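The structure appears right after this line, and notes come after that.
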Amino acid sequence: MNLSHLKMLIAVAELGSLQKSAEHLNRTQSAVSMALKKLEQSAGFELFNRQGYRLQLTEQGQHFLRQAEEVVRQQERLQSLTEKLKYGAEPLLTLCYDHTCDSKLWLPSIEHIQQHYPATEIHIDGESQMRALKRIDNGSADLALCPWLPLFRQYGDFETLPVAPFELTVAIASSLVGDFGRIPSSRQDLLELPMLIPQNLEIGINLDAVLRLPSQQRIRVNEVNTQYELLKAGFGWGIIPRHIAESALESGELVEISIPGFIQQVRLEIHLVRSANRTLGPAANTIWQEFS
């Protein structure tokens, strides 16, 4: 029983197929099959039910999998910690933020790193469609700021800290209200107008299934600032972060839509996110501690 065998077990449990798991791990199908047999021989019981088309964990296999996942996580944390102890303060710190968030939230952290870790180079990347979360999961970023929903935990092993409130509002251009003749006040009104909607999120969430909002015509955009410009230009109605639309709402260029019981403001939180599987370096850990 070794770590590579446990990683193969986890892949097969997730993908349900020896072939897909082998492709995912860049191994041969026979190597994956042999690893499972060795694990079962070592454990003394069957891990998978092989009767159906898709491999399914047995009840004993499900308990075994949970412990295997924890062993692999612990190994990844140990490897990460070893690298940090070996090299000291990280030479590169990558901070991500979703474009729906205010990037100024990073400013105190950047100032602190400049003062206390002058040898650490800082990369700050803005991402759309929740790619920031995906980058935390795949290890290409150390910390990320993004709007947070509990369901995001199913897409990665994340640890988070609440940072700031995040409010979404439903808005429409006053020019489009003039053309339509009134502020939309019913589901039927919204059906008659185009909707500006983000493209599906990188972490696998279908926004149509989540939002369930009406519109016969949709314009999909992959970046919130583009959505904002189209919204002001009167191309449709849409849901947008309040802090982005604030000035246009105050000037009257945009008008809020509220249909009680159906569609209105949404209040969430921005969270600071890190991977639970990797140990932060000194600079990144300082930022985490400051936010906490």
Side-chain angles (χ1 to χ4, degrees), residues 92-107 109-110 122-173 194-213 215 217-249 254 263 265-275 284 287 291:
L92 173 65
L93 175 62
T94 301
L95 308 176
C96 270
Y97 68 96
D98 192 87
H99 278 140
T100 56
C101 300
D102 189 347
S103 61
K104 291 193 291 294
L105 289 168
W106 282 128
L107 295 183
S109 300
I110 296 169
I122 305 171
H123 286 190
I124 304 170
D125 299 332
E127 299 284 3
S128 298
Q129 300 169 261
M130 302 304 288
R131 287 192 190 96
L133 269 186
K134 192 171 184 179
R135 292 190 59 183
I136 292 295
D137 190 44
N138 65 28
S140 63
D142 299 292
L143 296 169
L145 288 170
C146 63
W148 183 255
L149 290 171
L151 65 87
F152 291 164
R153 293 196 183 279
Q154 66 183 290
Y155 299 100
D157 196 357
F158 303 119
E159 293 181 1
T160 78
L161 292 172
V163 170
F166 180 78
E167 186 175 329
L168 294 170
T169 191
V170 189
I172 186 172
M195 179 183 179
L196 301 170
I197 184 172
Q199 296 178 13
N200 285 333
L201 304 183
E202 283 288 325
I203 55 176
I205 295 177
N206 184 320
L207 287 175
D208 280 333
V210 173
L211 297 175
R212 299 184 181 275
L213 296 177
S215 184
Q217 181 183 354
R218 299 192 171 191
I219 301 174
R220 294 187 178 273
V221 296
N222 66 356
E223 201 273 323
V224 69
N225 292 311
T226 302
Q227 181 191 14
Y228 176 53
E229 293 302 324
L230 291 172
L231 194 63
K232 290 193 299 179
F235 283 96
W237 64 276
I239 303 172
I240 193 162
R242 173 172 280 282
H243 73 271
I244 292 176
E246 195 71 54
S247 61
L249 290 169
L254 292 179
I263 186 171
Q265 294 175 352
V266 177
R267 291 179 174 84
L268 303 172
E269 288 181 321
I270 294 172
H271 279 214
L272 180 67
V273 185
R274 72 178 186 183
S275 170
I287 294 175
F291 273 105

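From a predicted model like this one, the values you see are computed outputs, not experimental measurements.
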From CA spacing to verdict: side-chain contact (heavy atoms from CB on, under 4.5 Å), V221, L230 = CA-CA 9 Å; V221 296; L230 291 172; 3.6 Å; yes
* Asked: Is any side-chain heavy atom of P241 less than 4.5 Å from a side-chain heavy atom of V224?
  -> yes
P165 and I270 have their tightest heavy-atom pair at O-CD1, 4.2 Å
Note to self: Are more than 12 heavy atoms, taken from residues, nucleotides or ligands other than Y228, located less than 6.0 Å from that residue's OH atom?
What the structure shows: yes
| task | Starting from the C-alpha separation in whole Å, work towards a yes-or-no answer on side-chain contact (heavy atoms from CB on, under 4.5 Å) for L168 and I240. | result | CA-CA 5 Å; L168 294 170; I240 193 162; over 6 Å; no
Interatomic distance, SG@C101 vs NE2@H243, rounded to 0.5 Å, equals 7.0 Å
Run the numbers on L133 and V273 for side-chain contact (heavy atoms from CB on, under 4.5 Å), then give the verdict.
-> CA-CA 8 Å; L133 269 186; V273 185; 3.8 Å; yes
Taken to the nearest 0.5 Å, the spacing of F166 CZ from R242 CZ works out to 12.0 Å
Do I172 and L231 come close enough that some side-chain heavy atom pair is under 4.5 Å?
no
Quiz item: What do the steps show when you test R135 against D125 for salt bridge (charged side-chain N to carboxylate O under 4.0 Å, His left out), and what is the final call?
Solution: CA-CA 10 Å; R135 292 190 59 183; D125 299 332; 2.8 Å; yes
Heavy-atom donor-acceptor pair, E223 side chain to N225 backbone, under 3.5 Å: yes
_Steps toward side-chain contact (heavy atoms from CB on, under 4.5 Å) verdict (Y97, L272)_ = CA-CA 9 Å; Y97 68 96; L272 180 67; over 6 Å; no
For D98 and M130, the nearest pair of non-hydrogen atoms, with its separation, is OD1-N, 3.2 Å
Here the pair of heavy atoms bringing A132 nearest to E127 is N-CB, 3.8 Å
- Could you tell me whether the side chain of K232 reaches within less than 4.5 Å of the side chain of L254, counting heavy atoms only? yes
So OG1 of T94 and CD1 of I136: to nearest 0.5 Å the spacing works out to 9.0 Å
d(E269 CD, E167 CD) to nearest 0.5 Å is 13.0 Å
d(F291 CZ, L105 CG) to nearest 0.5 Å is 6.5 Å
With under 30° as parallel and over 60° as perpendicular, where do the rings of F158 and W148 fit, or are they tilted in between? perpendicular
For H99 and S128, which I'm curious about, is there any donor-acceptor pair between the side chains at under 3.5 Å?
yes
When every non-hydrogen atom of I287 is compared with those of S109, the smallest separation belongs to CG2-OG, 3.5 Å
In this structure, CG of L268 is separated from OG1 of T100 (nearest 0.5 Å) by 9.5 Å
For L196 and Q227 the tightest heavy-atom approach is O-NE2, 3.3 Å
Note: L92 and D142 closest approach over all heavy atoms is O-OD2, 4.0 Å
